[in-house]
Amino acid sequence: MDDTLYIHNAKAAMTVCKMCKECNGEVCRGQTPGPGGKGQGHTFVRNVAAFKQVKLNMTVIGHNTEPESTYTGFGSSFAAPIFAAPISNVKVNYGSLVDEETYLKGLVEGMHQSNLLAFLGDAPAKATFDLSVSALRTHPKHTVMTIKPWETHALTQRLSEVLNTNPLAVAMDIDAGGLVSLRSTDPKVSILSVEALKAVKTHLGSIPLILKGIMTVSDALKAIDAGADILIVSNHGGRVMDDGMASLEVLEEIVSAVDGRGEVWLDGGVRSGSDVFKALALGAKAVLVGRPYSHASLGSGAEGVQYLSQKLIRELKDVMRMTQCVSLKDITREKVRWVQPIK
Ligand SMILES: Cc1cc2nc3c(=O)[nH]c(=O)nc-3n(C[C@H](O)[C@H](O)[C@H](O)COP(=O)(O)O)c2cc1C
């Protein structure tokens, strides 16, 4: 596979998403449902734009060691700290010609072959949840279910079903709790209190809890108080609130407030290995990549997903080589700097 075929296949597989040269939220402003950001789409656009405001400090005098990108977590090693974000309902959101089951199969198989993690999404329809749980069962060591913050009964029931698969971890996109479109569905979402999140953590026992949708220091501290093991700085790819901050912009203050009491990850606007490097340098331990992985699976299945994974890892290692980083722990704050746009 090469870039031309990869892009051609992805374009041919979707009738709504235009598969723009740069997936930056401009063309699909306001398209939710759809591939875009909510409202005028400013949050999605800002997520991508923020990465352009961080530059790399090239450092080329030193050693000539081959960089190593292994991430260690959940008692395993993964090829890199680059994972696929949960994306569901591809027919509605992308006008996909590929059905949800085939899309999930390509994603999970491709991430398994890449030795990376695929996060899987949830929806009110039990059939959609069931498809994700089935995909989870095919490769339990390379998948994480992301449950929505449903009102109590459905939440307990779905958590139990996921626990039956003996999962690596369980994630919850708490930022879906305020979504108007999911407040009159059956089941419906809810904003969860610290106590409700503590109950989720208790239900999980020793299984790590990942909370996705943290954008402020105060929520980060509440998440830690509730017992979360991993916090994902994320605004759902700009799909839950317009005019919010970019996830990259708030990353450092959240990492600093969490102060090692949990891992902080990030998603939103990660499009290249260089973006992965920037997020790691600003304190994230891993990133999720959303829209690009879904394009890869819709267009070319597992092969496309593997192609994208290898591309991102190759780009990350290129930057590591050019900044004298041998392993992930060498990717530190002084390797990057925030800049003003050049007029
Ligand atoms: C079409 C679409 C569907 C999504 N569905 C879900 C979902 O079911 N659960 C979830 O936690 N996040 C969902 N997200 C958000 C992603 O997991 C992720 O946070 C976001 O896409 C990251 O931004 P990026 O696409 O710019 O990389 C969805 C995003 C898109 C574009």
Side-chain angles (χ1 to χ4, degrees), residues 66-87 104-121 132-147 159 161-173 200-201 203-212 223 227-234 255 258 260-267 270 273 276-277 279-280 283-290 293 296-297 302 305-317 320 325-331:
E66 198 53 29
E68 226 276 300
S69 62
T70 306
Y71 168 85
T72 308
F74 314 111
S76 290
S77 290
F78 299 94
I82 305 172
F83 306 133
I87 286 194
L104 286 172
K105 191 165 183 275
L107 183 75
V108 168
E109 195 57 44
M111 292 309 267
H112 166 72
Q113 287 162 7
S114 309
N115 188 23
L116 297 172
L117 286 171
F119 280 68
L120 307 174
S132 287
V133 173
S134 299
L136 198 69
R137 288 185 190 280
T138 60
H139 289 298
K141 299 290 171 220
H142 289 106
T143 46
V144 177
M145 182 65 195
T146 312
I147 299 185
L159 274 173
E161 281 196 43
V162 173
L163 281 176
N164 284 340
T165 69
N166 194 16
L168 274 190
V170 173
M172 183 178 288
D173 51 330
V200 170
K201 175 69 184 169
H203 192 153
L204 295 186
S206 59
I207 307 290
L209 171 64
I210 303 175
L211 292 182
K212 173 173 180 281
D229 301 276
I230 296 175
L231 277 50
I232 307 185
V233 173
S234 169
V255 169
V258 169
R261 286 173 290 172
E263 277 200 7
V264 178
W265 297 6
L266 170 134
D267 82 11
V270 178
V276 175
F277 183 96
L280 298 184
K285 290 288 181 218
V287 300
L288 307 191
V289 177
Y293 266 121
S297 175
V305 169
Q306 258 202 305
Y307 176 79
L308 178 62
S309 298
Q310 281 164 11
K311 184 167 185 278
L312 292 169
I313 294 174
R314 191 171 59 243
E315 290 168 350
L316 170 64
K317 287 186 175 175
M320 289 174 76
C325 295
V326 177
S327 71
L328 299 180
K329 69 173 172 27
D330 300 324
I331 306 178

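These values consider heavy atoms only, across backbone and side chains, with no hydrogens, waters or symmetry-generated copies.
The side-chain hydrogen bond (donor to acceptor under 3.5 Å, both in side chains) test applied to K105 returns no partner, not counting sequence neighbours. Listed by chain and residue number, K126 satisfy the side-chain hydrogen bond (donor to acceptor under 3.5 Å, both in side chains) test with E161 (two or more places apart in sequence, or in another chain). For E315, the side-chain contact (heavy atoms from CB on, under 4.5 Å) partners two or more places apart in sequence, or in a different chain, are S272, K311, L312. Annotation: side-chain hydrogen bond (donor to acceptor under 3.5 Å, both in side chains) contacts of T146 (sequence neighbours excluded): none. Taking Y307 as the reference, Y6 meet the ring pair (Phe, Tyr, Trp, His ring centres under 6.0 Å) condition, with sequence neighbours excluded. For T165, the side-chain hydrogen bond (donor to acceptor under 3.5 Å, both in side chains) criterion is met by no residue, not counting sequence neighbours. Not a single ring pair (Phe, Tyr, Trp, His ring centres under 6.0 Å) links F119 to another residue, sequence neighbours left out. With sequence neighbours left out, K201 forms a salt bridge (charged side-chain N to carboxylate O under 4.0 Å, His left out) with D229. Partners of A85 by side-chain contact (heavy atoms from CB on, under 4.5 Å), not counting sequence neighbours, listed by chain and number: D267, L288. Here S327 pairs with K329, D330 under the side-chain contact (heavy atoms from CB on, under 4.5 Å) rule; sequence neighbours left out.
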Donor-acceptor contacts under 3.5 Å from residues 106-114 side chains, at least two apart:
| residue | atom | partner | partner atom | Å |
| --- | --- | --- | --- | --- |
| E109 | OE1 | H139 | NE2 | 3.0 |
| E109 | OE2 | Q113 | NE2 | 3.3 |
| H112 | ND1 | H139 | ND1 | 3.3 |
| H112 | ND1 | H142 | ND1 | 3.0 |
| S114 | OG | G110 | O | 2.6 |
| S114 | OG | S309 | OG | 3.2 |

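The two residues G73 and F78 come nearest to each other via the heavy atoms O-CE1, 3.5 Å. When all heavy atoms of F83 and A286 are compared, the closest pair comes out as CE1-CB, 3.9 Å. Taking all atoms of both residues into account, the shortest heavy-atom contact from V144 to A169 is CG1-O, 3.7 Å.
Annotation: the span from H203 atom NE2 to L163 atom CG amounts to 5.0 Å, rounded to 0.5 Å.
Between the side chain of R261 and the backbone N or O of V258, at least one donor-acceptor pair lies under 3.5 Å. Using a distance-only test at 3.5 Å, with no hydrogens or angles considered, a donor-acceptor pair links the side chain of S132 to the main chain of G121.
Within the 4.5 Å cutoff, the side chain of D173 has no heavy atoms near those of the P86 side chain.
Legend: salt bridge (Lys or Arg N to Asp or Glu O under 4.0 Å) pairs involving residues 69-78, not counting sequence neighbours: none detected.
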